[in-house]
Amino acid sequence: MFKERYHTQEKRRQRLTAPIPTERDDAWLGSGYYFWYDQDEAVRWGISSKRKYGYYEVYKAGINFENVLDTVFNEDHYWFWVKNIEKAINNFYKKKHGEVNLKYINDFLREKGVYDELDGVQFQDISDNPQFWVVSKFQYKKRIQIAVYNKSIITNFAFVFEGKCI
Amino acid sequence: MLDLKRLQAKFDALFEQENEDTFADWLKEKQMREVISSLGDGHLFSIKSGEFKMISDEKLFKTPIHIEFNNEYLTFPQVCQAA
């Protein structure tokens, strides 16, 4: 059940031999190793957000999906996710709605052990990039990422290509 | 294969044990831990009190943040401001 996914980082002096976990405040699914479903999104992320050294690098890896909650392509997983995230929002920050981002909800779930048996979550949102709209605001293609919490499900991590941040 | 029933049981247990107040306490401590770790001195501190909402880079560098913490190795006053 291994699937290929893409990981983007700034170009560093040495090529990476393993992915780097993100700690960004706006990380959708909390702290974890993030991979893109689509190579085009990996490139776009490199150009827009990995600009520190002027170049980005795209890596690929095989991810074992056996214990991944796939909220994008698995309908049961999707409704499971929606139901529990809505309950978490209502239970934990109804009054502070808008002040707390999804990262903290997911970090909370992880730190409290809910995700102990979960190796990762695959998730999608809607890109706001007009380049990806066929007609105005029609995003025909999903923007999908997986946050991996268990590093051991990542295999065959390898460099694919680098690009210049335009 | 992911066992959704087992995972649901974990969610249910969490919803029974935790509420808005316990989440708010956890969030406050979590954000303080993030600020301390971003200072990069490598020491672990026990946070006594502080006032935080969401912390962005902009807030971190432009707004003075009042932190009060307790650490036995501390060699400077126990109340400080980071800005």
Side-chain angles (χ1 to χ4, degrees), chain A residues 1 22-27 30-31 64-71 73-122 149-150 153, chain B residues 1-67 69 82-83:
Chain A
M1 232 176 145
T22 186
E23 297 292 340
R24 290 172 64 110
D25 276 356
D26 58 354
S31 307
N64 184 350
F65 267 66
E66 194 168 338
N67 284 309
V68 167
L69 190 69
D70 180 2
T71 69
F73 299 113
N74 184 315
E75 195 172 355
D76 290 340
H77 288 197
Y78 171 67
W79 285 111
F80 176 91
W81 166 257
V82 168
K83 185 178 71 175
N84 284 294
I85 287 296
E86 283 178 349
K87 198 163 182 184
I89 290 166
N90 284 327
N91 278 23
F92 303 139
Y93 71 108
K94 201 171 184 180
K95 288 181 216 157
K96 295 192 172 209
H97 193 74
E99 284 185 35
V100 180
N101 62 26
L102 192 57
K103 167 189 158 42
Y104 287 113
I105 286 288
N106 279 291
D107 282 347
F108 184 63
L109 295 173
R110 284 187 68 196
E111 287 190 20
K112 295 295 176 182
V114 176
Y115 284 1
D116 282 356
E117 293 168 48
L118 193 61
D119 291 337
V121 177
Q122 182 159 260
Y149 304 134
N150 176 1
I153 69 167
Chain B
M1 181 125 180
L2 191 62
D3 187 339
L4 289 185
K5 282 186 181 169
R6 277 178 69 168
L7 192 56
Q8 187 61 63
K10 290 210 161 196
F11 270 102
D12 292 342
L14 180 83
F15 294 141
E16 290 238 330
Q17 288 163 13
E18 308 288 345
N19 55 44
E20 197 152 12
D21 293 334
T22 59
F23 176 76
D25 290 344
W26 171 87
L27 181 64
K28 199 156 102 177
E29 194 193 323
K30 169 90 177 165
Q31 290 179 328
M32 286 181 187
R33 271 188 275 139
E34 287 178 346
V35 169
I36 298 299
S37 82
S38 75
L39 297 176
D41 61 9
H43 288 301
L44 288 175
F45 293 87
S46 164
I47 305 294
K48 286 171 68 183
S49 67
E51 274 302 314
F52 288 92
K53 287 190 176 177
M54 285 299 297
I55 295 171
S56 64
D57 285 350
E58 192 183 2
K59 279 188 182 168
L60 190 60
F61 292 110
K62 288 185 180 169
T63 312
I65 298 169
H66 186 86
I67 311 169
F69 47 81

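So that the names make sense, note that chain A is the first sequence line, chain B the second, and so on, each numbered from 1. This structure is a prediction, so every number in the text was calculated from the model and none was measured.
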ask   = At their closest point, which heavy atom of A/Tyr104 faces which heavy atom of B/Phe23, and how far apart are they?
value = O-CE1, 4.1 Å
query = In terms of heavy-atom proximity below 4.5 Å to chain A, should B/Gln17 be classed as side chain, backbone, both, or neither?
reply = neither
remark   = Taking a cut-off of under 4.5 angstrom between non-hydrogen atoms, the residues of residues 80-87 of chain A near chain B are A/Phe80, A/Lys83, A/Asn84, A/Lys87
ask   = Step by step, would you call A/His77 with B/Leu2 a side-chain contact (heavy atoms from CB on, under 4.5 Å)?
value = CA-CA 9 Å; A/His77 288 197; B/Leu2 191 62; 3.9 Å; yes
query = Which answer fits A/Asp70, side chain, backbone, both or neither, if we ask what part of it has an atom under 4.5 Å from a heavy atom of chain B?
reply = neither
query = Under a 4.5 Å heavy-atom cutoff, which of A/Val68, A/Asp76, A/Asp107, A/Asn90 has the most pairs with chain B?
reply = A/Asp107
ask   = Counting distance only, does the side-chain N/O of B/Glu20 pair as donor-acceptor with the main-chain N or O of A/Asn91 below 3.5 Å?
value = no
request  = Measure the CG-CZ distance between A/Leu118 and B/Arg6 for me, rounded to the nearest 0.5 Å.
outcome  = 12.0 Å
message = Before you tell me yes or no, could you show the steps for A/Glu117 and B/Leu7 under side-chain contact (heavy atoms from CB on, under 4.5 Å), namely the whole-Å CA-CA distance, both residues' side-chain angles and the distance that decides it to 0.1 Å?
response = CA-CA 8 Å; A/Glu117 293 168 48; B/Leu7 192 56; 5.6 Å; no
Aromatic ring pairing A/Tyr115/B/Phe11, orientation class (parallel under 30°, perpendicular over 60°, tilted between) = perpendicular
task = Working to the nearest 0.5 Å, report the span between CG of B/Leu27 and CZ of A/Phe92.
result = 12.0 Å
